[in-house]
Each structure stands twice: as structure tokens, then as C-alpha cells.
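Here is the structure we will look at, set down as C-alpha cells.
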Amino acid sequence: MKVSKKWLDEYVPVASIDADSLANKIELSAVEIDDVSRLEEGQKKIVVGHINSLVPHPNSDHLKICQVDVGEKELYQIVCGAPNVASGQNVIVALPNSWIAGHNKIKKSKMRGEVSLGMICSLQEIGFSESVVPKEYTDGIYVLPTDAIPGQSIFPYLGMDEDVIDIDITPNRADLLSVRGVANEVAALYDKKVNLPRPEVKEDDSSNISDYLKAEAPIDLAPTYLMRIIKNVKVKQSPLWLQKRLWNAGVRPINNIVDVTNYILMDYGQPLHSFDYDKLGTKDVVVRLANEGEKMTTLDGEKRELSAEDIVITNGSEPVALAGTMGGANTQIDDDSQTVALESAVFDGHRIRKTARKEKLHSEASVRFERGINVATVKEALDSAAQMIAQLGDGQVVAGVAGDQRANQSDKEVKVSLARINHVLGTDLSSKEVKEIFARLDFGVSENEGMYTIKVPVRRWDIEIDADLIEEVARLYGYDKLPATLPAGQATPGRYTKTQKAIRDTRYLLESAGLDQAISYGLTTPKKAQRFALEPALQTNLDFPMSSDHTTLRMNLLSGLLDDLAYNSARKVENIALYEQGRVFFRDDSTEKPREVEHVAGALTGLFHEATWHGDKKKVDFYLTKGIVTFLLSSLGIKNGARFEATAQHEEMHPGRTADIYLNEQLLGFIGEVHPSLAKEYKLKRTYVFELDLEKIIAAPKDELVYQEISRYPIITRDVALAVPNEITNQQILSSLWTNSGQHLVDIHLFDHYQGEHITKGFKSLAYTLVYQDKNATLKDEVVSDEFNKAITKLQEELEVTVR
Amino acid sequence: MNLKDKLEQLKENSLSEIKSASDTKKINDIRVHVLGKKGPITEVLRGMRDLPADERPKVGSFANKVRDEISEAITQRRDELEIAKTADKLEQEKIDVTLPGVPVKQGQPHVLEQVIDQIEKLFLGMGYQVVDGPEVEEDHYNFEMLNLPKDHPARDMQDTFYITNSILMRTQTSPVQARTMEKHDFSQGPLKMISPGKVYRRDTDDATHSHQFHQVEGLVIDKHITMADLKGTLQQLAKNLFGEEREIRMRPSYFPFTEPSAEVDVSCFKCGGKGCAVCKYTGWIETLGAGMVHPNVLKMAGIDPEIYGGFAFGLGPDRFAMLKYGVNDIREFYLNDVRFLEQFSQKG
């Protein structure tokens with residue numbers, strides 16, 4: 001809502017307050033301010049000029065050479081290319097060395113050989129928004145009234161010297177969508193009195209409204225619905241003062257009838273609609289719900305199909321306006337209109353909102369009906385507009401008003417106590433202070449033993465309960481004056497739940513393992529959502545997505561990570577190690593709402609370490625990734641028992657380089673290399689990934705961590721190198737060795753894995769160190785040898801391996 | 001030559017040899033040669049029996065003295081040589097300390113996570129619990145329980161991704177508050193909670209809009225919670241996140257679930273409040289929304305607003321991170337360019 005300070009000053013004295021202070025006060029005590037501006041700012045030396053004569057430019061087919069009176073002795077020769085320039089016009093002249101909008105300087109110049117002392121300007125050239133320029137002047141220069149005096153500054157003429165404060169209104173403060181509403185607010189903020197002029201309608205008694213029409217509206221659709229008739233009207237341009245008001249409010253002047261309705265809209269916040277009475281073709285105006293599928297053409301030329309939810313104004317049979325949003329083309333005011341039927345009403349805001357949304361017709365009017373209007377001034381606004389139309393259109397207001405006024409206009413009583421106010425605000429306000437605040441708001445107060453009964457006028461329909469009154473007290477007292485304390489009362493422990501802690505630990509662990517945390521989008525494509533499935537489930541899709549990239553809730557984290565890897569790789573960042581922790585969404589047949597499961601996933605490609613002067617590079621591979629997963633599982637308490645089982649079941653994964661990870665019979669997740677063809681789709685080199693169900697890991701039974709006493713006795717080791725057929729796994733060998741060893745074996749580790757020269761094709765060489773220790777005594781060599789030999793013999797019996 | 005002269009000679013020769021010895025092996029040879037069992041001193045002492053009895057002690061003590069002197073010279077020279085040898089070895093082992101150290105591979109938490117962590121730690125310290133809730137919500141919790149009935153104009157402020165008529169992607173983390181209020185047992189003490197998490201809005205992604213972002217909502221409900229408590233709490237938050245010198249400013253605002261409501265500005269951390277491009281020359285940066293919980297919200301959760309009341313606030317880690325680090329495109333947070341992620345590695 002753009003408010004001219006000059007207009008405001010007519011209702012509440014603000015002339016002595018500078019615009020920035022006023023704006024700041026409003027912002028700190030009421031609503032945000034978008035902008036404070038003055039159109040003349042940055043412009044100078046722009047005056048009224050009178051075109052005494054003009055001749056066509058000899059070297060141009062569209063330029064004209066004008067002799068312009070700018071209030072000086074000599075006429076100024078100015079070359080002008082505007083199509084509508086004519087002799088005898090009063091125009092806007094930017095003199096030589098003037099500044100016009102957009103920080104442009106106008107200099108004396110020559111145009112195709114002819115001297116031009118300045119420029120004749122359009123409104124846009126001096127900073128007017130295209131959207132407020134009267135249609136007839138959008139493609140040319142603006143023509144000023146005949147009484148404009150050459151040489152005088154243009155700024156006061158066009159209202160460009162007025163400060164305009166653009167107020168950003170919150171949904172609850174629609175009372176500030178009018179100059180009168182803002183005046184009331186400013187009066188409260190500065191403890192001033194408003195002076196709001198009330199219109200006097202001069203009715204013409206020679207005829208009565210009943211001769212023209214009756215208006216009826218159901219109370220639930222339009223609690224108040226009023227109409228007046230203004231007859232013998234001449235449609236013409238509005239006087240400049242009115243155009244200035246509209247410009248500064250951001251509205252385009254059209255003609256005296258429409259301009260008055262817009263002016264009253266800004267003044268009172270009351271939307272009005274003007275019909276050409278003669279086009280209504282009826283004496284019965286009826287408000288009703290539209291019939292499903294009923295058609296009408298609105299002012300903008302759009303043919304609209306209505307629904308049974310829309311409120312329409314009809315002439316008894318056909319719709320003539322879509323209530324509160326837009327008039328119909330068939331009853332529009334035009335240059336020949338003579339009798340105006342003027343509507344001022346209160347419509348059901350919910351329905352207006354629905355219609356406006358459905359038809360994409362959010363207008364100054366619909367916004368006010370949606371958020372509420374001052375039902376106390378519906379008739380006053382109608383009277384004011386009717387009187388103005390009669391005045392500016394040289395017509396008469398027909399006696400009487402049609403329709404009913406049923407909206408409740410009485411003050412609302414809301415109770416609040418002083419104790420409650422101080423209790424909520426943490427203040428120590430006195431009754432006197434509080435009463436002063438209500439007086440500033442012009443709310444009636446009566447007090448009974450610390451309980452106030454506040455009479456809230458209809459113009460503040462946002463105030464309904466004590467909390468609303470407390471806010472009024474707080475903001476007028478000043479939020480900045482509130483003390484700052486911390487909640488007292490019973491102490492509470494602040495701590496993470498077990499699950500929250502485990503989730504955070506997971507993040508720290510993966511970061512310490514060298515992976516950066518990524519946060520990707522939760523919404524993806526159906527195809528990507530479905531990949532890397534850890535469990536069978538249905539997709540969850542948005543009803544009305546915004547982009548085809550984000551339509552479906554993810555069911556895995558890896559798709560997002562692969563997108564991230566691809567993004568990096570496309571930017572030549574090729575060594576990447578990322579993890580993500582977040583939710584995936586699984587739905588089953590019976591529910592609309594998916595189950596949300598915490599997952600963790602990682603994706604690595606390129607080098608884990610680059611080569612340095614001090615060490616070799618390290619490529620990411622399956623085993624590096626497995627090391628990270630093992631570290632994570634073990635740090636989260638799954639020390640033994642996690643099993644890696646080769647699988648070729650995941651179609652997105654390399655069939656020979658992927659393992660499912662089990663704890664007992666429960667699938668925790670998987671690890672492996674992304675299938676080369678999928679990697680190719682993402683333009684990625686070999687990429688290793690894992691994805692785990694974090695909730696299963698957190699829920700898994702864990703051994704209590706108990707300290708193991710460190711043995712004082714030395715360890716003894718035995719090494720063995722084995723020739724192993726390729727299909728026999730490390731896991732098989734380990735199982736056999738553990739099963740067949742005695743009590744002293746404490747560790748086995750693989751220290752060499754070799755294939756190639758000296759090894760038969762189809763075989764590999766695996767070399768292990770077996771570590772023996774007795775907790776309570778020094779082990780004898782013979783005991784170890786015995787245990788070792790037995791285990792190795794058994795191993796060779798059980799598996800087709802041989803000691804090398 | 002008498003014995004004494006012989007000894008004198010021996011001493012001089014030996015000392016000069018010791019002095020010129022250049023390594024410990026040579027020194028050892030000298031020791032063995034001069035002081036050994038077959039050495040000249042032993043020989044001298046052996047020849048003592050030919051001396052008259054009265055001369056023996058004199059010569060004997062002289063011989064011992066010579067032996068001690070030589071022995072001492074040997075020790076001294078050997079030490080000198082050891083020291084020189086060590087110094088030489090250390091000199092040989094000199095390295096270029098300006099060569100780079102071995103890089104430590106450490107992953108970084110996402111910058112948004114860092115902001116959330118910092119907020120969580122502050123509030124845990126003040127006795128709040130952290131509560132999680134579903135990202136796919138019911139209209140009931142996301143809107144209705146927060147005093148936003150269907151057709152409420154304020155729903156326009158948040159464009160929503162619906163899944164069905166009643167199921168949606170949460171547009172705020174406030175529904176977690178509604179869920180927690182419903183369940184809270186006030187006989188166990190006040191409700192003090194924050195709920196961080198992802199939220200979704202039906203927006204087209206550009207530099208300042210993202211269809212996915214984060215929110216942290218805070219809520220305190222007890223018998224005596226004031227707007228002054230809200231102000232004090234938010235002051236702590238501003239100082240914790242943006243620096244001790246920061247001040248806050250509250251302005252009236254509107255949220256359907258709070259009344260009174262406030263928009264909260266923090267004094268500009270770039271210019272300290274003097275006015276700069278970051279704060280658009282106002283000295284203040286809009287950071288979060290807050291207010292006193294609306295009585296309707298309490299009632300809907302089954303809490304008596306005559307007895308209980310409290311405050312709520314909501315802030316956006318994305319916006320905080322953008323302000324704090326000067327990130328000017330919100331999409332950066334979700335593209336996960338490693339060069340972006342790894343910049344936020346400073347701790348402490």
C-alpha cells in the first residue's frame with residue numbers, strides 16, 4: 001500500500017515529521033516498510049513548457065522542431081519525435097543540463113543538424129512507472145492542463161514532490177490498506193487526533209433509486225450490498241489532482257468514473273464497482289452463486305467458465321460481474337455512459353479468495369475482501385464516491401440507496417486484565433500507562449478491579465481476543481522497551497535422545513574417515529527415487545509438482561549423491577568422497593503417508609589421496625570403502641557379526657563387486673561399485689558406494705563395552721602362505737581357521753594377497769599372520785606349533801588350499 | 001736414559017699422538033698400545049725391580065702420574081671426538097622444514113549442519129530438548145493445529161507441495177511443536193524444545209528461493225513465560241551465532257500461531273550497525289520470526305491458555321549461513337560442490 005504523506009497529512013498532522021522517521025516509526029510499531037520514495041529525487045530542471053509552434057524537421061520524417069515557451073524571454077527550440085506532439089500543448093520540458101530519471105543528463109545538442117535545447121518528456125522519462133501512465137500517453141509525451149504556467153517546476157504539478165511510503169501489510173492488518181486506516185494508525189503511534197472528513201451527498205430528489213433498481217443479496221454471500229445511481233454523467237479525464245493521487249498510490253488513471261472508484265478504494269479501503277446502468281438492462285440486481293459452468297466475459301476480455309462457488313452479480317438472469325474480483329465486459333463504463341450504477345458491498349472473503357485463486361484474479365479489491373474491510377464505512381464510501389462522480393462528471397446523485405446493510409457495525413467488547421498484560425509481556429506497566437495506550441488507539445476503556453473492558457471499533461476487525469489487545473499494548477509501548485530475561489521455573493535436562501546421538505555420531509565418524517557431508521534434495525524424479533532399493537515399497541509423488549526434476553520423494557540417498565558427484569565431475573572436480581545422512585520415504589499400499597527411515601550413504605570416486613612428494617596416491621576402491629563402513633559399524637557398536645555377502649541382485653551395482661551387509665539375518669545395507677553403465681550415465685569414473693539403514697544399525701543389539709585386561713604375557717605369531725583357488729573366499733579360510741584353532745588364537749590378519757607370476761592361473765596366494773597369546777601364562781612354542789599345525793591341516797582338508 | 005726421562009719422553013709422545021688422533025679407533029689403539037699390559041708403562045714399572053729401593057716409590061709414583069695423565073688425555077680426546085661425530089651426524093640429517101606436511105584427510109560437516117549444530121548446542125545448554133518430526137505431514141498438524149484453518153489468507157504466505165488433500169510436505173517445522181504439545185506431560189516440568197529439519201515450499205529455485213530449505217523452531221511453554229523471556233532468549237541466540245557484540249531489535253509482525261508476534265532483526269555483523277550493503281544501509285538484518293504462542297494453538301493442543309503460555313520462534317539456517325558467510329546463492333547448499341563444502345572447515 002503506497003501512501004502519499006501529503007494525502008495522509010490531510011487526515012492527521014504529519015507535515016512536521018520527515019518521511020524516513022515516519023516510516024521507521026511505522027516499521028518499529030506496526031508493519032514493515034518496503035520503500036520510502038519521492039519521484040523527483042535525482043531529477044532537476046524539468047519545467048512546464050508551452051509549444052508555441054512547430055514545423056517538421058527537414059531531415060527526418062518523424063521529428064518535429066518545436067518553439068517552446070519555458071517562461072524565459074527567448075523561446076527554446078526543441079526537437080521532438082513524439083507522435084502526439086502538437087502546437088498549443090503544455091508539455092514537460094527537461095531543460096539543457098537537467099537530470100531526468102535513470103540518472104540521465106540532458107544536454108544542449110544537435111539532432112540531424114538542428115539545435116535542440118533540451119527534451120520534451122513522456123511520463124516514463126521522468127520516472128513514472130509504465131503501469132500508471134494514462135493509456136493515451138503511454139506511447140508519447142504527456143500533455144498538461146491548459147492552465148499550467150510555462151517555466152514552473154513540473155514536480156508539484158505532477159505530485160512528484162510528495163513523499164510516498166510503501167507499506168508492506170501483514171495479513172492481519174488489512175485495516176492499513178487505506179489512507180484512512182493508516183491515518184488512524186499514525187495518530188495512535190504519535191498520540192495525535194485524526195480529522196477524517198465525512199462526505200455530504202447532494203441528492204437529486206427529482207427521481208428515486210427505486211425508479212432505477214432494487215438490489216438483493218443473500219446475507220451469507222454479501223452481508224452488506226448497497227447501490228446508488230448517478231445520472232447525466234459525462235465520462236472524461238479526471239482532474240490533475242485526482243490523477244496525482246492515483247499515481248502516487250500506484251494506480252493508472254482511466255476516466256473520471258473509474259478513477260473515483262479507485263480513489264475511494266485507496267481512501268477508505270472499500271472496493272467499489274461501477275456499472276453502466278443502461279447496459280444492465282434490468283431493474284433487479286441480484287447477487288447469487290454462479291451456476292456450475294455458467295459463462296461470462298470479464299472486463300479484461302477473458303471468457304470465464306464459472307463454478308458453483310463463485311459469487312456473481314446478475315441482472316436477474318445473466319452475470320454482469322464476478323463479485324469482488326472483476327466486472328463484466330457487457331456492463332462496463334465507456335465514453336458514452338450516462339448513468340452509473342455504483343456498488344459498495346461486503347462479500348464473503350473465503351469465496352472471494354477461492355474465486356481469485358481459481359481465476360488468477362488477485363486485485364486490489366479481492367485482496368481487501370479476502371482480508372476484511374471496514375464494514376462501518378461501506379455506505380460512507382459509497383456516498384463519497386457518488387458525490388465525487390456527480391461533481392466530476394457534471395451529473396446528479398439520484399436520491400436513495402438500494403440494497404441492505406446487515407453487517408454488524410457495533411464495537412466489539414474484549415476483556416483483558418492489567419495483571420494478564422504484565423504477565424505475558426514481563427513488564428510492570430501501570431494502569432495509567434495501559435489506559436493511555438488504549439486512548440491513543442481511540443478504543444473505549446472501562447475498568448473494574450483491574451479488568452478492562454475494551455470497546456474495539458469495527459475498523460480494527462483483527463482484534464478479537466485478549467492476546468490481540470496485549471499485542472496492541474506491547475507495540476505502542478515499544479517492543480524495544482521490553483526487558484530481556486531468560487525463562488525461570490523448573491530446570492529441565494537438555495540432551496539428545498539415543499537415536500539423535502547415534503545419528504550425530506554417524507556424521508562425526510564419517511567425517512573423521514575423510515568424507516564430506518552432502519545435503520541433497522529430498523524430492524527427485526520417479527526413476528531416481530526407485531533406484532538402489534533397500535526394501536520394496538511404493539513411491540510417494542507430489543500432487544502438483546513445480547518442476548519435473550522434483551516430483552517424487554527419494555527412496556534412497558545414493559541417487560542424490562550420484563547427482564552431486566556428477567555435478568562435481570562436470571566441473572573437473574574428480575576426487576570426491578561424500579556422505580549423506582537423511583531420510584528416505586517408503587510407502588505401502590495401505591497408506592497415503594510414507595514411512596520415513598533414516599539412512600546413511602556414501603559415494604567415492606577418483607583418488608582418496610593425491611600423490612605428494614612424500615607418498616603415493618591412493619585410489620578409492622572397494623576395500624577402502626569397506627574399511628570405512630567397517631569402521632562406522634564397529635564404532636557404532638557392531639564389532640563382530642556384520643557379514644559381507646557377495647550379491648549380483650542390485651541392478652545399479654557391479655555384479656561382481658557388490659556385497660550385501662547383514663547383521664545376523666537382517667539386511668543392513670549394501671556396498672560396492674556402481675554398475676559401469678550407470679556410472680556412464682552420470683559421466684563418472686569408477687565409483688564406490690554404500691547405503692545403510694541407520695535405524696536398523698541403531699536398533700541392533702550391541703555388546704556392552706567392557707574393559708579387557710591387557711595380558712602381561714608375550715604374543716607368539718605364525719605366518720602361513722596359501723595357494724587358494726579363486727572361488728574360495730577369505731571369509732571361508734578365516735572361518736575354518738577360527739573354528740579349528742584352540743583357545744590361544746587371538747587374531748588373524750591377512751598381510752598379502754597376490755596373483756600373477758609363480759601362481760597357477762585360477763589361483764591366488766593369501767598370506768596370513770596368526771597371533772597366539774595366553775592371558776595367564778607365557779605360551780610355550782610347542783603349544784603354539786601344535787595348535788597352528790592342527791588348524792592348517794584341517795584347513796587343507798576342508799578347503800582346496802595348499803600351503804605354499 | 002734413566003727411567004724418569006723415559007717416562008717423560010713417553011708422556012710427551014703419547015700426548016702429542018692423542019692430540020692428533022682423528023677418530024675413536026685411533027684413540028683406542030693408543031690406549032691399548034700405551035696403557036696396555038704390554039705397553040711401555042707396564043714395562044717401566046716392571047723395570048723397577050732393578051732400581052735401588054729408595055728410588056722405587058718416587059719413580060713409581062711418577063709412572064702412575066704419567067699413566068693417569070695419558071689416560072685422562074685419552075678420555076678427553078675421545079669425548080671431543082664423540083661430540084664432533086654427533087654434531088657431524090646431526091648436520092648430515094638436516095631437513096627442509098618448509099616442505100609440506102602430510103595432508104590429514106578429514107571430511108567436513110555441511111555448513112548448514114554446522115549452523116544447526118551450533119543452535120542445538122546452545123539450546124541443549126539451556127535445557128531444551130531436540131525433537132524430530134515427519135517431513136511428510138498432515139495438513140492438520142502443519143496448518144490447522146497452528147491456527148491456520150483451510151482458506152486462511154496466511155496460507156498464501158506458504159505455497160505448499162501437497163501429496164493428497166490432507167498430506168503434504170511440511171512447510172515449516174512448527175508441526176513438530178503441535179505434536180509435542182499434544183503429548184507433553186506438564187507435571188514433569190515445562191516444555192522447552194527446538195525442532196530442526198528440512199522443510200519444503202512450492203517455489204521455483206533461484207538465487208534466493210529454494211523448494212527445500214531448513215528451519216529450526218523453538219518453543220517454551222510453562223506457567224510463567226513472558227515476552228521478555230523471548231527477547232532474552234533470542235539475544236543469546238544472536239550473540240551465540242553472530243558474535244557477542246550483537247544486539248537484537250523486535251518489530252511487530254504477524255504469524256497465525258503467535259500473538260503478539262515479532263520480526264527479529266540483528267545488528268549488522270558486517271558494519272556493526274553503521275549501515276552497509278549487507279544490511280541495505282539500515283544497520284539491521286532481518287533474521288527470524290517469533291512471538292507468544294497463540295491461545296488458540298494452546299487450546300487445540302489441549303493446554304489451558306489461562307494457566308499456561310509461552311513463546312515460539314522460527315529461524316532459517318540457510319538464511320543464517322548465507323548472511324554469516326556471504327553466500328549469495330541458496331542453491332549452492334544443495335549442489336554439494338566439494339570446493340564449496342570444504343571451505344567451511346574452520347572450527348572454534
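Within every chain, numbering begins at 1; the chains are lettered A, B, ... in the order of the sequence lines, protein sequences first and strands thereafter. Note that these values count all heavy atoms, side chains included, but never hydrogens, waters or copies made by symmetry.
Of the two parts of A:Ile465, only the side chain, counted from C-beta on, holds a non-hydrogen atom closer than 4.5 Å to a non-hydrogen atom of chain B. Contact of A:Glu596 with chain B is made through the side chain alone, with heavy-atom distances under 4.5 Å. The contact between A:Phe544 and chain B is made by backbone and side chain atoms together, counting heavy-atom distances below 4.5 Å. At a 4.5 Å heavy-atom cutoff, the contact between A:Ala518 and chain B is made by backbone and side-chain atoms alike. With a 4.5 Å cut-off on non-hydrogen atoms, B:Glu342 touches chain A through its side chain but not through its backbone. In this structure, the portion of A:Asn568 lying under 4.5 Å from any heavy atom of chain B is its side chain and not its backbone. Interface remark: A:Lys481 contributes backbone atoms only to the contact with chain B (heavy atom separation under 4.5 Å). Of the atoms belonging to A:Val573, it is side-chain heavy atoms, and not backbone ones, that fall under 4.5 Å from chain B. Contact of A:Arg504 with chain B is made through the side chain alone, with heavy-atom distances under 4.5 Å. Looking at A:Arg571, the atoms closer than 4.5 Å to chain B (heavy atoms on both sides) sit in the backbone and in the side chain alike. Of the two parts of A:Leu553, only the side chain, counted from C-beta on, holds a non-hydrogen atom closer than 4.5 Å to a non-hydrogen atom of chain B. Only the side chain of A:Leu578 has a heavy atom closer than 4.5 Å to any heavy atom of chain B. Residue contact with chain B, scored on non-hydrogen atoms closer than 4.5 Å, is absent for A:Ser547.
Ranked by heavy-atom pairs under 4.5 Å with chain A, the list B:Met193, B:Gln236, B:Glu138, B:Gln129 is led by B:Glu138. Comparing A:Gly349, A:Ser29, A:Gly615 by heavy-atom pairs within less than 4.5 Å of chain B, the highest count is held by A:Ser29. Heavy-atom pairs under 4.5 Å with chain B were tallied for A:His614, A:Arg420, A:Glu32; the largest tally goes to A:Glu32.
At a threshold of 4.0 Å, the pair B:Arg249-B:Glu263 does not count as salt-bridged, since none of the basic side-chain nitrogens sits closer than that to a carboxylate oxygen. With salt bridges taken as basic N to acidic carboxylate O contacts below 4.0 Å, none links B:Arg251 and A:Asp480.
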Let's go through B:Tyr254 and B:Glu259 carefully: what are the C-alpha distance in whole Å and the side-chain angles of both, what is the deciding distance for side-chain hydrogen bond (donor to acceptor under 3.5 Å, both in side chains) to 0.1 Å, and is it a yes or a no?
CA-CA 8 Å; B:Tyr254 171 73; B:Glu259 185 78 17; over 6 Å; no
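Around the CG atom of A:Asp616, the shell of radius 6.0 Å holds no more than 12 heavy atoms that belong to other residues, nucleotides or ligands.
The cationic group of B:Lys192 does not satisfy the cation-pi geometry with B:Phe123, failing either the under 6.0 Å distance to the six-membered ring centre or the 45° limit from the ring axis.
The backbone N or O of B:Thr226 lies less than 3.5 Å from a partner atom in the side chain of B:Asp229, making a donor-acceptor pair.
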